[in-house]
Asks: 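Below: one structure in structure tokens.
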Amino acid sequence: MAENENSLDAFITSPTAAPAQKNTVETVNLEDEFAKLLNDFIGQDTPKKESENVSPQAAEALSAGLDSFITPSQSTVSSAQSGADNGLESFITAPAPAAPAETGNSGLESFVTPAAPTSSAPAEKVSEPENSLKPEEQELARAIANFQDGIYSIADKKNLKVPETDYTEDMLRPNYKPSVGKKVAQYMLSCWDIINKADPENMKRLSKEATDEEYLAFAETLSDTDMQLAIISYVEILINLEICEVKYEQKKEIMQKNRIKKELYEEYMELQERKQLFISKLKEKDFPIDAERLINNYFRVAQKDPDGSFEALTKNPAMFSPIEFDKIRPKFFGLIKVTPEDGIKANQKIGKFVKNLKV
């Protein structure tokens, strides 16, 4: 048994062991092939005149490629022969040479290093002018301009007179108005005679009750681009006029609602002021009644029955707020106690005061 252990130790530690030499040869062959492939790849990116501006050590490193990275040192080979290291561990643990790093353009450095990102300043928002057209009005103005271009071109070729109009794009500012829409519609009808006179044969094929889709399909069959532009723009004007009309009605409805809200608010504030005036006048007279309760109840009932509530207020104010007997002053320095007749008199006095009150 001892002999077997000694022979096994001798086999492992022996520098001339055949398996270790075989592994070393295989390792060196694999590393040589890998180094050859890397040198071929790096040689494609390396400038030809690079060796002229580098030191002798750097030139030697460049001529050798990555052999210095991959070729194991003597200590590494001996450790591989002893069984401590194998494979590509010598390639991983080998220090990188300083010369290729100083050139900045050799090896894979130029290929791996990413380009610095270009910084772009954020675009400043362009403020729109106050009188700029709304999107739907811009589309309408564009369609009218295209329609006029087509009509003028047709009239110029056929020696026809273009109808006059006082329409301008400024009429759409600050908002579209139905009167402008009527003006544009009348102008289009006048210009339609030019289209009929320019190409009467083709225009006979178009029905008077044609839809927008039929107008567009008809325009595609025409060979005259000016006729196509005029008819397509005509359809766009009709569509945008309808859109502007809808937007106008929506804005009108919103304005009406806002006006009603404003009127209701003003009426409410006026009512509150009148209430406070009534209350303050009653408090000045120091009547034996809750002035705020009296006036608030009266105004609440007056919303349903103004005449009846006012008659009740002037004849029997106690219906809205009871008479407070503890606030009635006793007569003769308190010798005569307060009686129900005193409450009736106070009630009548309050009604008469409110009836004659001018607020």
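This is a predicted model, so every value here is computed, not measured.
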Asks: For atom NZ of Lys315, decide whether the heavy atoms of other residues, nucleotides or ligands shown that lie under 6.0 angstrom number more than 12.
Replies: no
Asks: Is there a side-chain contact between Val301 and Met319 (heavy atoms, below 4.5 Å)?
Replies: no
Asks: Could you tell me if the side chain of Asn175 sits less than 4.5 Å from the side chain of Glu137, heavy atoms only?
Replies: yes
Asks: Would you call Glu169 and Arg173 a salt bridge, using N to O less than 4.0 angstrom?
Replies: yes
Asks: Could you check if a side-chain atom of Ile289 sits within less than 4.5 angstrom of a side-chain atom of Leu282, using non-hydrogen atoms only?
Replies: no
Asks: Would one find more than 12 heavy atoms of other residues, nucleotides or ligands at under 6.0 Å from atom CD of Glu266?
Replies: yes
Asks: When the ring planes of Phe147 and Tyr234 are compared, do they come out parallel, tilted or perpendicular, using 30° and 60° as the limits?
Replies: tilted
Asks: Do Ile344 and Ile323 come close enough that some side-chain heavy atom pair is under 4.5 Å?
Replies: no
Asks: Residues two or more places apart in sequence or in another chain: which of them pass ring pair (Phe, Tyr, Trp, His ring centres under 6.0 Å) with Phe353?
Replies: Phe287
Asks: Quick one: does Met255's side chain get under 4.5 Å of Lys252's, heavy atoms only?
Replies: no
Asks: Keeping the roles fixed (side chain from Gln138, backbone from Leu133), state whether a donor-acceptor pair exists under 3.5 Å.
Replies: yes
Asks: Check this for me: Glu267, atom CD, are more than 12 non-hydrogen atoms of other residues, nucleotides or ligands nearer than 6.0 Å?
Replies: no
Asks: Got a donor-acceptor contact below 3.5 angstrom from the Gln228 side chain to the Ala219 backbone?
Replies: yes
Asks: Any heavy-atom pair between the side chains of Lys275 and Phe299 that's under 4.5 Å?
Replies: yes
Asks: Within the 4.5 Å heavy-atom criterion, are Phe218 and Asn202 side-chain neighbours or not?
Replies: yes
Asks: Say whether, by atom type as modelled, one donor and one acceptor occur between the side chain of Glu253 and the main chain of Gln250 under 3.5 angstrom.
Replies: no
Asks: Would you find more than 12 non-hydrogen atoms of other residues, nucleotides or ligands less than 6.0 Å from Glu311 atom CD?
Replies: no
Asks: Is it true that atom NZ of Lys177 has more than 12 heavy atoms of other residues, nucleotides or ligands lying nearer than 6.0 Å?
Replies: yes
Asks: Is it the case that over 12 heavy atoms from other parts of the model lie below 6.0 angstrom from the CE atom of Met171?
Replies: yes
Asks: Do Ser280 and Gln276 have side chains that get closer than 4.5 Å, going by heavy atoms?
Replies: no
Asks: Could you list all the salt bridge (Lys or Arg N to Asp or Glu O under 4.0 Å) pairs where at least one residue sits in residues 219-244, not counting sequence neighbours?
Replies: Arg142-Glu236, Lys157-Asp224, Lys157-Asp226
Asks: Can you see which heavy atom on Leu172 is nearest to which on Tyr167, and at what distance?
Replies: CD1-OH, 3.9 Å
Asks: Could you tell me whether a side-chain N or O of Ser233 sits under 3.5 Å from a main-chain N or O of Ala230, the two making a donor and an acceptor?
Replies: no
Asks: Between Lys283 and Glu292, is the closest basic N to carboxylate O distance under 4.0 Å?
Replies: yes
Asks: Judged by atom type as modelled, is there a donor-acceptor pair below 3.5 Å linking the side chain of Asn347 to the main-chain atoms of Ala318?
Replies: yes
